[in-house]
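Data first, discussion second: the structure below is written as structure tokens.
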Amino acid sequence: MDNQSFFKYSWETLPKKWVKKMERSEHGNRSDTNSDYLFQLLCFLKFHTYTRVQVLIDICGVDYPSRKRRFEVVYNLLSTRYNSRIRVQTSADEVTRIFPVVSLFPSAGRWEREVWDMFGVSFINHPDLRRILTDYGFEGHPLRKDLPLSGYVEVRYDDPEKRVVFEPIEMTQEFRYFDFASPWEQRSDG
């Protein structure tokens, strides 16, 4: 089954309420779903005879602060049997909780922890949802666009006390404007 057949079969077989949009490209297929149907969709893709997605490559997050559901959680999957890739995307906000897929893909545990640590997207009843890349005392989530560039605290080594000291930062920072189309150019206001 080639990539086009894989796409066509998935689109015709899946319940329409599970998939908002499905697109095909030469590099793989992309499917947008509601977070309520994410687990069911991934179960279908993993266990159905004509999809057999056995490998979860990774899970990533993206922050779009201008959207109502500002976070996008992206699951990159691979069917080694049919040599097809599929990207499943869902969106969430600060209070939406996503069902974890650790029971389907054991490697998802670390990826979901990373998405929670970096963006603050929460997973319902995750077996081990704790920080994985930042300190346990870290405030906030570093890949959110609304986190100040300087952070909230300064960490330095104090020679007289012979220990690491955390001190609040006392400088103000303007809001960052971010142009998704061209992130390397400065924004001009008028």
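Counting only heavy atoms from C-beta outward, the side chains of Val19 and Lys21 never approach each other to under 4.5 Å. Looking at heavy atoms from C-beta onward, Asn29 lies out of side-chain contact with Arg87 at the 4.5 angstrom threshold. The shortest distance between side-chain heavy atoms of Ser79 and Thr51 does not fall below 4.5 Å. Between Gln54 and Lys46, some side-chain heavy-atom pair lies under the 4.5 Å cut-off. By the 4.5 Å heavy-atom criterion applied to side chains, Ser91 and Lys20 are counted as neighbours.
Residues forming a side chain to side chain donor-acceptor pair (under 3.5 Å) with Thr96 (at least two apart in sequence, or on another chain): Asp93. For Arg97, the side chain to side chain donor-acceptor pair (under 3.5 Å) test picks out Ser122, with sequence neighbours left out. Residues that satisfy the side chain to side chain donor-acceptor pair (under 3.5 Å) test with Glu114, not counting sequence neighbours, are absent from this structure. With sequence neighbours left out, the side chain to side chain donor-acceptor pair (under 3.5 Å) criterion links Arg130 to Asp128, Tyr136.
For Lys17, the NZ atom counts as loosely surrounded, since its 6.0 Å shell holds 12 or fewer non-hydrogen atoms of other residues, nucleotides or ligands.
Cluster note: Val74 groups with no other residue, as no ILVMFWY side-chain heavy atom lies under 4.5 Å from it.
The only member of Lys145, Arg69, Arg70 that meets salt bridge (charged side-chain N to carboxylate O under 4.0 Å, His left out) when paired with Asp63 is Arg70. Tested against Asp159, the residues Arg156, Lys162, Glu161 include a single side-chain contact (heavy atoms from CB on, under 4.5 Å) partner, Lys162. For the side-chain contact (heavy atoms from CB on, under 4.5 Å) criterion with Ser107, the lone passing option out of Ile57, Val102, Leu56, Val55 is Leu56.
Applying the ring-ring contact (aromatic ring centres under 6.0 Å, His included) rule to pairs touching residues 93-131 yields Phe39-Phe99, Trp116-His141, sequence neighbours excluded.
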